[in-house]
There are 2 protein chains.
Amino acid sequence: MDIEQSKKDNQLSAIFKTLSEPNRIRILRILYHSGRELTCSEISDQLNISKSTVSYHFKALRHAGLTTTRQVAQTKYLSINQKTFKEYLPAFLDSL
Amino acid sequence: MDIEQSKKDNQLSAIFKTLSEPNRIRILRILYHSGRELTCSEISDQLNISKSTVSYHFKALRHAGLTTTRQVAQTKYLSINQKTFKEYLPAFLDSL
DNA sequence: ATTGTATTTCGATAACAATCGAACAAGGAG
DNA sequence: CTCCTTGTTCGATTGTTATCGAAATACAAT
């Protein structure tokens with residue numbers, strides 16, 4: 001098996017793994033439809049899950065390259081990383 | 001949160017979960033590029049993983065609606081379920 | 001009926017994931 | 001300086017996943 005191909009498979013499956021958690025899809029939908037950046041606490045309130053859990057999901061999304069973060073003081077604003085979606089999941093965001 | 005929406009999230013994340021395993025992506029690629037049905041044993045040989053593991057992956061793919069099976073005697077031929085991909089991941093197969 | 005081939009199921013194991021509350025760190029507001 | 005808010009990390013728990021070899025099942029061929 002091609003080793004380059006194999007690497008690509010791993011990256012792709014890592015993105016899928018990140019999206020295999022319903023709450024993460026919800027986070028992305030809220031982000032996409034609100035059209036603005038959102039914070040940990042806002043999501044925590046909207047989805048009724050603890051801040052620590054949201055923080056954990058934020059980290060996972062960021063790590064997979066699906067979101068980016070802008071920090072102002074202690075507050076972190078999350079937004080969608082369009083680049084990754086364009087490259088790997090072109091039609092996905094619109095389907096949300 | 002919308003309950004219908006929530007159900008859709010769960011289904012979508014279930015598909016992603018199924019695709020979050022590199023070997024399953026490999027199985028789909030082999031299926032897609034070979035242009036024919038394949039068996040458990042063939043995949044087992046090509047990917048160098050045990051037949052029982054392949055069987056496990058086959059079941060997962062089928063369960064997620066990503067593949068279909070045609071049985072002839074004790075042999076099961078796997079093929080891609082185009083319908084599901086069209087509906088949920090339009091551009092995915094071509095990207096393999 | 002015995003042998004061989006294809007697949008599934010079982011039991012075990014080891015790794016990973018989601019979740020929470022508590023504790024911690026960093027900054028803003030009074 | 002003290003309190004409040006925001007977010008991260010930690011430890012624990014609970015559940016899930018991928019993997020294998022062995023055993024079981026189902027059928028075909030001889």
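Naming: A, B, ... by sequence-line order, numbering from 1 per chain. Below, all heavy atoms of this structure are taken into account, side chains as well, without hydrogens, waters or symmetry copies.
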Exercise. With side-chain contact (heavy atoms from CB on, under 4.5 Å) as the test, would you mind laying out the steps for Y77(A) and T39(A) before giving the verdict?
Key: CA-CA 5 Å; Y77(A) 296 95; T39(A) 67; 3.7 Å; yes
Considering non-hydrogen atoms only, spot the tightest contact between [X] and [Y] and give its length.
X      : Y      : result
R24(B) : T18(B) : NE-O, 2.7 Å
N10(B) : R26(A) : OD1-NH2, 3.4 Å
L28(B) : F85(B) : CD1-CZ, 3.8 Å
I49(A) : S44(A) : O-OG, 2.7 Å

Quiz item: Would the F92(A) and F16(B) ring centres measure less than 6.0 Å apart?
Solution: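 Yes, the ring of F92(A) comes within the 6.0 Å limit of the ring of F16(B), centre to centre.
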Quiz item: For E37(A), what residues pass the salt bridge (charged side-chain N to carboxylate O under 4.0 Å, His left out) criterion, not counting sequence neighbours?
Solution: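 Result, salt bridge (charged side-chain N to carboxylate O under 4.0 Å, His left out) vs E37(A): R70(A).
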Quiz prompt | Base-contact (B) and sugar-phosphate-only (S) positions in nucleotides 18-29 of chain C, heavy-atom cut-off under 4.0 Å, - elsewhere | solution = BBBBB----BS-
Exercise. On DNA chain D, reading 5' to 3', which nucleotide is the first and which the last to sit with an atom under 4.0 Å from a heavy atom of chain B, could you check?
Key: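 It runs dT17(D) to dA28(D).
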